[in-house]
Protein chains: 2
Amino acid sequence: MKNTRPAAKAAYHHGNLKAALIEAADTILRDHGIEGFSLREAARRAGVSIGAPAHHFGSATGLLTEVALLGYESLGQALSAVRPTDDPGADLQQLALAYVGFALAHPGRFRLMFRPDLVNRDDPRYGLASTAALTGFATAIGRRKGGMAEIFMVWSSVHGMANLVLDGKAKYLFDGALPEDFVAHILPDLLAEAWPFGARSGPQDRS
Amino acid sequence: MKNTRPAAKAAYHHGNLKAALIEAADTILRDHGIEGFSLREAARRAGVSIGAPAHHFGSATGLLTEVALLGYESLGQALSAVRPTDDPGADLQQLALAYVGFALAHPGRFRLMFRPDLVNRDDPRYGLASTAALTGFATAIGRRKGGMAEIFMVWSSVHGMANLVLDGKAKYLFDGALPEDFVAHILPDLLAEAWPFGARSGPQDRS
DNA sequence: TTTTCATCTATACAGTGCTCAGATAATCCA
DNA sequence: TGGATTATCTGAGCACTGTATAGATGAAAA
């Protein structure tokens, strides 16, 4: 077995520094947001010198890219937790709720995932993770061929909702509503009443 | 006339430093994006010492808040340049095009406007500017009473489109489309074909 | 055991936002 | 007019950041 973890005396070689730094960064994002993150603080939390992360990630962007990839993974899980029923419109509403719910539950992760200055978009895994997370939408929208326009529209809609609520814009429209209320009560009503993508008819067939 | 501009010999008192710094910051945003901005660089461009901006704006956030307010103003102008016709659905499509077009034409401004860590959301002018810019949407949606749900949905949709295109996500869906092509050709087609808010029927009346 | 290699430390550099004492110029006031 | 007040800006300094580099340390390979 490869489990040569020292764990007793602090080894010179950390042994699992890469994973420890990723987790430290993710924790910082959770507790203090993106602006609370610094490469040095992550190194501090991992109990390692300030130059150590460079060996594993090259730069701060390298580390944050890994965190963003994990973020897309967890978003994908949140979306695929919505099990499809025989009502595709209701499924889409649930997916929308899951998307916004994820953004509000993990604002640091979510914001990082869409910060092109902090993640390395040239990393081939980034595009893959990004599209993989949206598989839930694609299948719920149903049509396997074509359908890109609809996917874009639905994604735009839920992404816009998530960003606006996260940025506190919703409170200008729905006076003083707290984010917790929003995902628990306001948003479900909004989706049921005024969200065209979740309507009973489904995507209209333009033949 | 108050135009006591020295302009010849560099005065100790700049005379118009506040406006000069705002313009310098806006220029940096235009040329090098948000990550290219620094308070010191703005001071440098205004030909003034690094501590000077503090007197007028207090902090970097203070300066960027002014730039963001200008951004909302220019967004409002871009939206109100869309003159209403007798087809409210077509008007909404034009507004959507104007919104996304603004984001792509002024990415630095647009991104700043929605960066809560860089602008002072407690500034009372911020909420005013934010809602004022959306007057175009509100009137186009028509119903003066109620309607907040529809405004939120439309805003979310266009805001999501703007962000996704700006972040290069659209190219994963529409393979390799350039941003210029997007607002010129792809988006109008998308809006006409797959955007439910711009449909002929208008907001359905749920009585 | 000896060599090689990956890993991590220590230090240094350039850049940042912010603070504060003091210099400078414009303005107000008698 | 002349003196005092006020707004404006400078210059230096502090704490912090990301990154680069030389060297120390331990593990693994030969």
Side-chain angles (χ1 to χ4, degrees), chain A residues 1-22 24-25 28-29 32-68 112 115-120, chain B residues 1-22 24-25 28-29 32-68 112 115-120:
Chain A
M1 194 178 290
K2 195 73 180 306
N3 196 356
T4 59
R5 193 106 58 78
K9 56 189 301 186
Y12 185 89
H13 281 58
H14 184 287
N16 206 15
L17 183 54
K18 191 165 182 175
L21 284 171
I22 292 174
I28 295 173
L29 255 59
H32 304 285
I34 288 186
E35 57 269 33
F37 169 83
S38 80
L39 196 55
R40 292 167 109 101
E41 175 63 22
R44 245 169 258 139
R45 295 196 177 210
V48 92
S49 86
I50 59 181
H55 186 74
H56 292 279
F57 302 102
S59 67
T61 299
L63 170 53
L64 289 177
T65 300
E66 301 294 332
V67 180
L112 172 67
R115 278 284 295 270
D117 53 329
L118 297 182
V119 299
N120 178 19
Chain B
M1 197 178 289
K2 196 70 182 308
N3 195 356
T4 59
R5 193 106 58 77
K9 56 188 301 186
Y12 184 88
H13 281 58
H14 184 286
N16 206 14
L17 182 55
K18 191 166 182 175
L21 284 170
I22 293 175
I28 295 174
L29 255 59
H32 304 284
I34 287 186
E35 57 268 33
F37 170 83
S38 80
L39 197 55
R40 292 166 110 101
E41 175 63 23
R44 244 169 259 138
R45 295 196 178 208
V48 93
S49 86
I50 59 180
H55 185 75
H56 293 280
F57 302 102
S59 67
T61 299
L63 170 54
L64 289 177
T65 299
E66 301 294 331
V67 180
L112 173 66
R115 278 286 293 270
D117 53 327
L118 298 182
V119 299
N120 179 18

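For the numbers below, each heavy atom of this structure counts, side chains included, while hydrogens, waters and symmetry mates do not. Order of the sequence lines fixes the chain letters, A, B, ..., with proteins taken first and strands second; residue numbering starts at 1 for each chain.
As rounded to whole Å, 12 Å separates atom P of D:dG18 from atom CG of A:Leu21. Look at CD1 on B:Ile50: it is 9 Å from P on C:dG17, rounded to the nearest Å. When rounded to the nearest whole Å, the span between CG of B:Leu17 and P of D:dT10 equals 8 Å. Protein atom CZ of B:Phe57 is 13 Å distant from nucleotide atom C1' of D:dT8, rounded to whole Å. The nearest whole Å value for the distance from the CG atom in B:Leu39 to the C1' atom in D:dC9 is 14 Å. Distance, A:Glu35 CD to D:dG18 P: 14 Å, rounded to whole Å.
Nearest to the side chain of B:Ser49, among D:dT19, C:dT7, D:dT10, sits D:dT10. Ranking D:dC9, C:dT11, C:dC8 by closeness to the B:Val48 side chain, first place goes to D:dC9. You'll find that the side chain of B:Arg40 is closest to D:dG13, out of C:dT7, D:dG13, D:dC9.
At the phosphate of C:dT16, OP1 or OP2 sits under 4.0 Å from a side-chain N or O atom of B:Arg44. At the phosphate of C:dT9, neither OP1 nor OP2 sits under 4.0 Å from any side-chain N or O atom of A:His55.
Backbone-only contact: A:Ala60 has heavy atoms under 4.0 Å from sugar-phosphate atoms and none from a base.
Of the two residues near DNA chain D, A:Ser38 and A:Gly58, the one whose nearest nucleotide lies more 5' is A:Ser38. Along DNA chain C, the nucleotide closest to B:Ala54 and the one closest to A:Ala52 are compared, and the more 5′ of them pairs with A:Ala52.
The closest side-chain heavy-atom distance from B:Leu29 to B:Val67 is below 4.5 Å. In this structure the side chain of B:Asp117 never reaches within 4.5 angstrom of the side chain of A:Ile34, judged on heavy atoms. In this structure, the side chains of B:Arg115 and A:Arg115 come closer than 4.5 Å at one or more pairs of heavy atoms.
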Exercise for the section: Could you please spell out the steps behind the side chain to side chain contact (heavy atoms under 4.5 Å, CB included) verdict for B:Phe57 and B:Ile22? Expected result: CA-CA 10 Å; B:Phe57 302 102; B:Ile22 293 175; 3.8 Å; yes
